[in-house]
2 protein chains.
Amino acid sequence: MLNPAAISSHTAHPVHAACMPLRMTSSDPFELLKAHVSVNRRVVREGDRVHQVGQPLEWLHVIHSGSFKTVNLAPDGREQVVGLHLKGDWLGFDGIARGQHTCDAVAMDIGEVWSVSYAALLQASTRVPALAALLHAAMSREMTRERNAMMTLCTLPATARVAEFLRVWVESMSERGLRTDLITLRMTRAEIGKYLGLTLETVSRAFSQLARANVIDFPEKGRRHLSITDPDALSRFVQRSQTDKEDLPRAACVANEPCMVH
Amino acid sequence: MLNPAAISSHTAHPVHAACMPLRMTSSDPFELLKAHVSVNRRVVREGDRVHQVGQPLEWLHVIHSGSFKTVNLAPDGREQVVGLHLKGDWLGFDGIARGQHTCDAVAMDIGEVWSVSYAALLQASTRVPALAALLHAAMSREMTRERNAMMTLCTLPATARVAEFLRVWVESMSERGLRTDLITLRMTRAEIGKYLGLTLETVSRAFSQLARANVIDFPEKGRRHLSITDPDALSRFVQRSQTDKEDLPRAACVANEPCMVH
DNA sequence: CGTGATTTTGAAGCATTTCAACTCTGGTGG
DNA sequence: CCACCAGAGTTGAAATGCTTCAAAATCACG
């Protein structure tokens with residue numbers, strides 16, 4: 001869904017040739033940050049909160065290592081995991097609009113975040129356009145990802161949702177050069193369920209079903225580790241769940257005069 | 001605060017006092033834009049596409065009037081309405097990360113958008129920090145909204161989802177100073193369904209149920225107009241759908257040493 | 001006024017949730 | 001060392017809620 005075979009999508013893209021009237025000294029976001037703003041490195045352990053609902057926005061954080069989840073909490077007690085984040089992703093954007101955070105960001109294992117003052121970053125990005133572009137790209141990526149997640153939630157049945165969840169996770173690992181054959185789930189079935197809008201039992205059944213279909217495999221007895229026997233099988237599984245219900249030669253989408261800008 | 005009630009939440013907030021070392025000549029995003037970048041105004045009619053999947057990113061657009069939807073289209077044919085947008089919202093952020101748009105933005109009625117070159121905007125925002133802040137705030141708002149939408153989709157049953165949809169819509173209208181007693185739905189039941197992850201029949205049943213419960217009312221025979229008899233009833237309806245299933249005095253949330261940054 | 005699109009409503013079918021029982025693992029203490 | 005327990009996961013059966021299928025009513029447009 002995101003990109004065909006992309007590793008690049010994770011670095012600071014020159015969005016448009018004209019947008020970057022500067023020499024790209026480095027396309028590595030960490031180098032770029034270190035070079036132009038004061039960075040506070042901080043090691044976190046599982047369960048540590050990088051930021052919390054209601055806390056005034058002061059810092060933005062870039063994940064240097066580890067995996068994190070963002071959790072939304074409604075006034076009426078509803079709670080949902082609304083995002084998963086890995087190296088290179090930013091945490092804290094949610095707080096910019098209102099000046100305070102609207103969700104929690106929680107470490108799912110040991111990791112390191114680089115924290116920068118938002119005020120300082122804003123200033124620095126006026127001097128260093130590449131910084132501004134980096135920020136924009138990160139926010140844009142986040143929005144696109146959330147939209148895709150919404151689509152997954154709305155259009156896919158349970159098992160396909162879990163398959164898609166795994167596919168995207170593998171894709172994320174791959175983009176970062178991490179191993180994708182054997183992956184370790186750092187979330188319980190209940191947490192995955194809270195992310196996918198399913199109950200823990202349904203998630204469990206979905207895993208079992210995928211394993212029976214030889215799409216995934218549990219190498220060890222413990223069910224936290226799993227191997228993706230055939231990555232393409234995941235995609236095919238998702239697609240099949242769609243084509244199965246159609247089965248009708250869908251009328252060609254009539255282009256109703258796509259009226260473009262200019 | 002310039003304006004006492006509500007309208008302010010839509011203007012460029014000083015995110016943090018320290019972030020804005022400049023005189024705020026204007027808190028109106030339209031004034032701000034007009035003052036510092038070249039703006040192309042454009043009137044759109046229902047069905048017009050402001051941008052489309054695959055199109056290279058060149059422009060960002062600010063909605064000056066009208067209502068718009070963003071539509072995601074998966075390679076396998078799945079389609080979903082992933083966002084609704086009104087005056088003051090931006091369109092096109094999705095294209096920044098990869099340099100091309102990843103979704104369609106479609107006008108739902110007559111409206112006007114202000115289009116600005118992204119490259120020019122990026123340059124201008126280095127000279128005018130308020131522009132950068134405006135951009136960030138708009139993106140941040142969008143992310144928060146999408147996350148809330150995700151939560152609605154994942155945690156609420158069908159009727160509550162429709163109620164929440166109406167509540168948020170009314171809230172949006174209210175923030176912009178528009179009338180909230182009588183609202184006109186510019187989407188068919190099918191479209192609302194595609195936004196909420198429901199079938200059109202379920203949406204229709206939900207409306208009927210809300211009308212029977214006197215939460216909403218159809219003043220005219222046509223079902224496109226509806227009045228919110230009691231706005232609070234909407235919220236209560238959503239909350240009740242939650243408390244109904246709990247009914248158990250949920251154990252107090254133990255604060256597990258919220259480890260903060262600094 | 002028709003014609004087609006939209007909406008409503010009913011009834012049957014199906015996917016997911018709910019409830020419940022059981023297994024497995026890892027950790028703790030007798 | 002093993003009994004025991006709590007947390008996590010699996011699996012089955014019943015219940016529920018949404019979807020699907022179908023038909024009729026209503027609205028919109030020429």
Side-chain angles (χ1 to χ4, degrees), chain A residues 46-47 78 80 108 152-163 165 184-213 216-226 240-242 244-248 251 254 256, chain B residues 46-47 78 80 108-109 152-163 165 184-212 216-226 240-242 244-248 251 254 256:
Chain A
E46 180 177 343
R78 281 175 297 146
Q80 205 212 334
M108 294 200 294
T152 298
L153 291 173
C154 277
T155 63
L156 293 180
T159 310
R161 248 183 260 188
V162 174
F165 162 74
T184 303
L185 294 175
R186 307 219 160 265
M187 311 169 71
T188 64
R189 302 290 188 259
E191 270 179 323
I192 297 173
K194 274 193 291 189
Y195 180 52
L196 297 176
L198 302 170
T199 60
L200 65 93
E201 293 96 329
T202 304
V203 174
S204 176
R205 277 184 254 267
F207 275 121
S208 300
Q209 194 181 331
L210 289 172
R212 272 196 301 276
I216 63 173
D217 184 50
F218 295 103
E220 313 180 13
K221 320 106 197 277
R223 275 82 172 178
R224 305 297 286 261
H225 305 272
L226 60 82
R240 191 143 39 79
S241 76
Q242 271 315 101
D244 279 0
K245 10 183 61 176
E246 292 178 3
D247 269 346
L248 34 119
V254 181
N256 48 353
Chain B
E46 179 177 345
R78 281 174 296 146
Q80 205 211 335
M108 294 200 295
D109 55 357
T152 298
L153 292 173
C154 277
T155 63
L156 293 180
T159 310
R161 250 184 258 188
V162 174
F165 162 74
T184 303
L185 294 175
R186 306 219 161 267
M187 310 168 72
T188 65
R189 304 289 189 258
E191 270 180 322
I192 297 174
K194 275 192 290 188
Y195 181 52
L196 297 176
L198 301 170
T199 60
L200 65 94
E201 294 96 329
T202 304
V203 173
S204 175
R205 277 184 253 267
F207 275 121
S208 301
Q209 193 180 332
L210 289 172
R212 272 197 301 276
I216 64 173
D217 185 50
F218 296 102
E220 313 181 13
K221 325 101 197 272
R223 274 83 170 177
R224 307 294 285 259
H225 304 272
L226 60 83
R240 192 143 39 79
S241 76
Q242 272 316 101
D244 279 359
K245 7 184 61 175
E246 292 177 2
D247 269 346
L248 33 118
V254 180
N256 49 352

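Letters A, B, ... are given to chains in the order of the sequence lines, protein chains preceding strands, and every chain is numbered from 1.
Going from atom CG of B/L185 over to atom C1' of C/dT7 covers 13 Å, rounded to whole Å. Rounded to whole Å, atom C1' of D/dG9 lies 17 Å from atom CD of A/Q209. Here D/dG9 presents its C1' atom at 14 Å from CD of A/E191, a figure rounded to the nearest Å. Between A/H225 atom NE2 and D/dA8 atom C1' the separation is 14 Å, expressed in whole Å.
By the 6.0 Å and 45° rule, A/R189 stacks over the aromatic ring of A/F207.
Nucleic acid contact for B/G197: sugar-phosphate only, since backbone atoms but no base atoms lie under 4.0 Å from a heavy atom of the residue. Residue-level contact check: B/L200 touches the bases, meaning some heavy atom is under 4.0 Å from a base atom.
Under 3.5 Å, the side chains of A/T159 and A/Q209 contain a donor-acceptor pair of N or O atoms.
Of the candidate nucleotides C/dT7, C/dT16, D/dC18, C/dT7 has the atom lying nearest to any side-chain atom of B/T188. Nearest to the side chain of B/P157, among D/dC18, D/dT20, D/dT11, sits D/dC18. The side chain of B/S208 lies closest to C/dT9 when the candidates are D/dA13, D/dC18, C/dT9. The side chain of B/R224 has C/dT7 as its nearest neighbour among C/dT7, D/dT10, D/dT19.
Each of A/T199 and A/R223 lies near DNA chain C, and the nucleotide nearest A/T199 is the one positioned closer to the 5' end.
Remark: the A/R205 side chain and the D/dG9 base include no donor-acceptor N/O pair separated by less than 3.5 Å. Remark: the B/E201 side chain and the D/dC18 base include no donor-acceptor N/O pair separated by less than 3.5 Å.
Between A/S204 and D/dA8 there is no side-chain polar atom (N or O) within less than 4.0 angstrom of OP1 or OP2. The phosphate of C/dA5 (OP1 or OP2) has no side-chain N or O of B/R189 nearer than 4.0 angstrom.
Scored by the side-chain hydrogen bond (donor to acceptor under 3.5 Å, both in side chains) test, A/R224 finds no partners at all (sequence neighbours excluded).
Residues A/A211 and A/F218 come closest through the heavy atom pair CB-CE1, 4.1 Å. Scanning both residues, B/E191 and B/M187, for their nearest heavy atoms gives OE1-CA, 3.3 Å.
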